[in-house]
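Because the structure is a prediction, the values reported are computed rather than measured.
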Amino acid sequence: MATAAKKVAIIGSGNWGSSISKIIGNNAKKFDLFHDEVRMWVYEELIDGKKLTELINTQHENVKYLPGITLPENVTAVPDLIEATKDADILVFVLPHQFVIKTCEQLKGHVKPGAFAISLIKGVDASHGGLQLVSRIIYKALDIDVSVLMGANIAGEVAKEEFCETTIGARSEENGRYLYKLFSTPYFRVTVVSDCASVEVCGALKNIVAVGAGICDGLGFGSNTKAAVIRIGMMEMLKFARMFYKGVEMSTFLESCGVADLITTCFGGRNRKVAEAMVRTGKSIDVLEAEMLNGQKLQGPECAKEVHVLLKEKNMEKEFPMFTAIYQICYEGVPSSQFLSKL
């Protein structure tokens with residue numbers, strides 16, 4: 001008996017969500033494994049008096065978060081979360097990590113039996129006691145299998161079909177095979193591994209290191225210093241993963257989710273860019289977010305804060321000098337000029 005085509009729903013429609021919808025939409029049309037229509041939950045906004053969902057569905061372009069990129073016609077923007085995810089077999093979470101808990105609370109009782117999820121969200125949460133990976137939050141809220149996708153994947157470059165790699169962490173081999181088909185393209189090369197925790201830890205913590213790289217740029221240091229900061233940051237990422245999670249494999253840190261994502265974020269990501277501006281202008285992170293990011297949020301400073309909660313609770317700040325220094329610079333008024341002396 002043939003397997004029924006799986007319906008895919010994308011939860012989130014920002015820069016990254018819209019970029020990945022292009023891949024998902026095209027692969028859903030390409031493979032009989034998937035239902036043709038891909039629904040994408042869009043937080044409704046008015047753009048020049050018109051609803052964003054209507055603009056996406058008629059112009060096939062997210063004019064606010066991914067202008068100039070044509071989305072597949074089978075990607076349908078839906079403003080209601082429950083309607084967007086109705087009867088979905090695969091839930092693709094790709095929204096700011098600050099909104100995951102609230103979103104999952106809305107989804108409780110509305111997820112199709114047997115459905116599974118994949119999180120493309122880079123961040124951790126410490127708001128409900130202890131530090132939790134986003135995949136764990138989704139799993140606990142919805143009781144479904146959750147895989148993760150992380151890599152050196154700057155959204156705009158992916159949308160332009162520039163070649164890159166990514167890493168999927170999947171505990172279920174069967175789900176991993178579906179996800180490989182859903183995401184893999186000639187320009188978006190996918191590797192599937194079973195070390196989910198490391199994949200996700202890399203995706204979250206590299207944003208902290210990128211803030212450090214931006215501080216270096218803002219202070220006017222050269223390539224040697226920036227390379228040292230990246231290396232020290234990589235070692236703190238690995239140490240953190242081994243200290244707090246089981247089954248961590250060094251080889252995972254050599255995949256796209258690890259060293260490649262760290263490099264690209266430290267040279268081209270928005271965390272680096274805003275951190276550099278923070279040093280050069282003296283403005284706060286909140287002010288620079290509003291000025292530079294078109295309504296999007298930074299993950300690096302927030303992640304540094306949430307990691308710091310855990311490190312302080314366990315009296316381990318000194319064991320992670322870079323993570324601690326970046327938190328102090330972003331939130332405690334420590335001058336950026338002291339960054340290197342604290343490493």
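Side-chain atoms of Val209 and Ile326, non-hydrogen and from C-beta on, never get closer than 4.5 Å to each other. Leu52 places none of its side-chain heavy atoms less than 4.5 Å from the side chain of Tyr43. Side-chain contact check for Trp41 versus Pro79: every heavy-atom pair is 4.5 Å or farther apart. By the 4.5 Å heavy-atom criterion applied to side chains, Tyr187 and Glu162 are not counted as neighbours. Met237 places a side-chain heavy atom less than 4.5 Å from the side chain of Cys202. Counting heavy atoms from C-beta on, the side chains of Ile118 and Leu120 come closer than 4.5 Å. Between Leu179 and Ile90, the closest side-chain pair of non-hydrogen atoms falls below 4.5 Å. Lys112 has its side chain within reach of Asp89: a pair of non-hydrogen atoms, C-beta onward, lies under 4.5 Å apart.
Side-chain atoms of Thr85 never come within 3.5 Å of backbone atoms of Ala88 as a donor-acceptor pair (strictly under, hydrogens ignored). Side-chain atoms of Glu61 come within 3.5 Å of backbone atoms of Gly68 as a donor-acceptor pair (strictly under, hydrogens ignored). Under the 3.5 Å distance criterion, the side-chain polar atoms of Asn153 are matched with a main-chain donor or acceptor of Glu165. Between the side chain of Glu44 and the backbone N or O of Thr53, at least one donor-acceptor pair lies under 3.5 Å. Side-chain atoms of Asn271 do not come within 3.5 Å of backbone N or O of Ala210 as any donor-acceptor pair. Listed for the Asn27 side chain is a donor-acceptor partner under 3.5 Å among the backbone atoms of Leu182. Distance alone, capped at 3.5 Å, places no donor-acceptor pair between the Tyr65 side chain and the Trp16 backbone. A distance-only check finds no donor-acceptor pair linking the side chain of Asn207 to the backbone of Gln299 [under 3.5 Å]. Put simply, the side chain of Ser18 gets close to the backbone of Ser13: a donor and an acceptor are under 3.5 Å apart. Counting only distance, with no hydrogens or angles, the side chain of Thr103 and the backbone of Phe99 share a donor-acceptor pair below 3.5 Å.
By the 4.0 Å N-to-carboxylate-O rule, Lys64 lies close enough to Glu45 to be salt-bridged with it. Under a 4.0 Å N-O distance rule, the pair Asp261/Lys206 qualifies as a salt bridge.
Between Tyr327 and His308, the ring planes lie parallel to each other; the angle is under 30°, not in the 30° to 60° tilted range. Ring orientation note: the planes of Phe320 and Phe240 are nearly perpendicular, at an angle over 60° on the 30°/60° scale.
Only one option out of Leu238, Leu262, Val199 pairs with Phe253 in a side-chain contact (heavy atoms from CB on, under 4.5 Å); it is Leu238.
Judged by the 6.0 Å and 45° rule, Lys22 forms no cation-pi pair with Phe188. Annotation: cation-pi geometry not satisfied between Lys181 and Phe34 (NZ/CZ under 6.0 angstrom from ring centroid, within 45° of ring axis).
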Please tabulate, for side-chain N and O atoms in residues 135-152, each donor-acceptor pair with protein atoms closer than 3.5 Å (sequence neighbours left out).
from: Ser135; atom 1: OG; to: Glu200; atom 2: OE1; distance (Å): 2.5
from: Lys140; atom 1: NZ; to: Gln132; atom 2: OE1; distance (Å): 3.3
from: Asp145; atom 1: OD2; to: Asn175; atom 2: ND2; distance (Å): 2.9

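A distance of 6.0 Å separates OG1 of Thr264 from CD of Glu157, quoted to the nearest 0.5 Å. Of the inter-residue distances, the one linking Leu254 atom CG with Glu249 atom CD reads 11.0 Å to the nearest 0.5 angstrom. Atoms NE2 and NZ, on His97 and Lys122 in that order, are 13.5 Å from each other to the nearest 0.5 Å.
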- Message: salt bridge (Lys or Arg N to Asp or Glu O under 4.0 Å) for Lys7 and Glu37? Distances and angles first, verdict last.
- Response: CA-CA 7 Å; Lys7 293 184 177 181; Glu37 185 189 30; over 6 Å; no
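Applying the salt bridge (charged side-chain N to carboxylate O under 4.0 Å, His left out) rule to pairs touching residues 270-282 yields Asp217-Arg272, Arg272-Glu276, Glu276-Arg280, sequence neighbours excluded.
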